[in-house]
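Okay, structure first, notes after.
Values reported hereafter were calculated over all heavy atoms of this structure, with side chains retained and with hydrogens, waters and symmetry mates removed. None of these values were measured; they are calculated from a predicted model. Numbers here are sequence positions counted from 1.
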Amino acid sequence: MVHGKKGFERIVWACKNVLNHSLTWLFYDLRAADGSVGPYLFQPPSSYCAQCSASGPISKHYPLQRTVQPECLRMSRVAVPQFPTTLKEDDVLETTELLEWLGLVMIDSPRVRIDDNIDPYLSRYALPGFDSPGEEDSTAVARELVRLRWHGFIPPKFITQLFVLLKKAAGEEWFVMNVGGFKGEVYTILKTGIQTSTWECC
């Protein structure tokens, strides 16, 4: 960088007008102390966390360490409807009802409990009936569901590996993945039996 050049002058201007006060920087280290790549499907042992705190290119600046760990929530007696065998791209009602139910499950809403008896004056939500669109599903069964959630910098490789792992573990059962980006884009993947459906919301 040579004094007088545009690049140099831009740095000088930034130091005088922008970088003239304390800032907090967020870094993500893709390489763990053991050579693997996080995040992790389990909680790292304390020995790993101690090893991480002493390594990395910014360790000399005494950074505040945050390890991306999964949050596990077990939900009991969730009313699961009979999923449609096929989803038509032009069937907006069916898709909307399905995504609404998935969204309620993801936030652990009491409206999706099999024994929910809220006053209809407060909420008129009913489980979607995919065999009879617009009507409540009378064939819903109570299931035990598990929600795993990671919050932080998540590399695409980790999401791909997680999807493959879930697909193998689920077998003929169903699962759903929901991924949100920094710019507000959201991607939802639903796998039921041999069918996989995806939605993108930007």
Using the side-chain contact (heavy atoms from CB on, under 4.5 Å) criterion, which residues pair with [X]? Sequence neighbours excluded.
X      : value
Thr96  : Val92
Ile194 : none
Glu9   : His3

**Study point:** Near-ring test Phe163/Phe158, centroid separation under 6.0 angstrom
**Key:**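 Phe158 vs Phe163: aromatic centres not under 6.0 Å.
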
Under 3.5 Å, which donor-acceptor pairs do the side chains of residues 170-181 form with other protein atoms, sequence neighbours left out?
| unit_1 | atom_1 | unit_2 | atom_2 | d |
| --- | --- | --- | --- | --- |
| Glu173 | OE1 | Arg143 | NH2 | 3.0 |
| Asn178 | ND2 | Thr188 | OG1 | 2.8 |

Point to revise | Ion pair check, Asp119 and Arg124, cut-off under 4.0 Å | key: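 No, Asp119 and Arg124 are not salt-bridged.
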
Point to revise | Closest contact, heavy atoms only, Arg74 versus Val146 | key: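 Arg74 and Val146 have their closest heavy atoms at NH1-CG2, 3.6 Å.
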
Check your understanding: Does Ser109 use its side chain to pair, donor to acceptor, with the backbone of Val105 at less than 3.5 Å?
Key ->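 No.
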
Practice item. Examine distances only and state if a side-chain atom of Lys191 and a backbone atom of Gly193 form a donor-acceptor pair shorter than 3.5 Å. Key: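 Yes; at least one donor-acceptor contact below 3.5 Å.
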
Review point. In the hydrophobic clustering (ILVMFWY, side-chain contacts below 4.5 Å, transitive), which residues join Leu122, or is it alone?
Key: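 Leu122 shares its hydrophobic cluster with Ile118, Tyr121.
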
When the side chains of residues 10-18 are checked against the rest of the protein, which donor-acceptor pairs come out under 3.5 Å, sequence neighbours left out?
| unit_1 | atom_1 | unit_2 | atom_2 | d |
| --- | --- | --- | --- | --- |
| Asn17 | ND2 | Trp13 | O | 2.8 |

Check your understanding: In the single-linkage hydrophobic clustering (I, L, V, M, F, W, Y; side-chain heavy atoms under 4.5 Å), do Val164 and Ile154 co-cluster?
Key ->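 Looking at the clustering, Ile154 is in a separate group from Val164.
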
Exercise for review: State which residues pass side-chain hydrogen bond (donor to acceptor under 3.5 Å, both in side chains) with Glu144; sequence neighbours excluded, sorted by chain then number.
Suggested key: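 Partners of Glu144 under the side-chain hydrogen bond (donor to acceptor under 3.5 Å, both in side chains) test: none.
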
Point to revise | Partners passing salt bridge (Lys or Arg N to Asp or Glu O under 4.0 Å) against Asp115 (at least two apart in sequence or in another chain) | key: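 For Asp115 the salt bridge (Lys or Arg N to Asp or Glu O under 4.0 Å) partners, ignoring immediate neighbours, are Arg77.
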
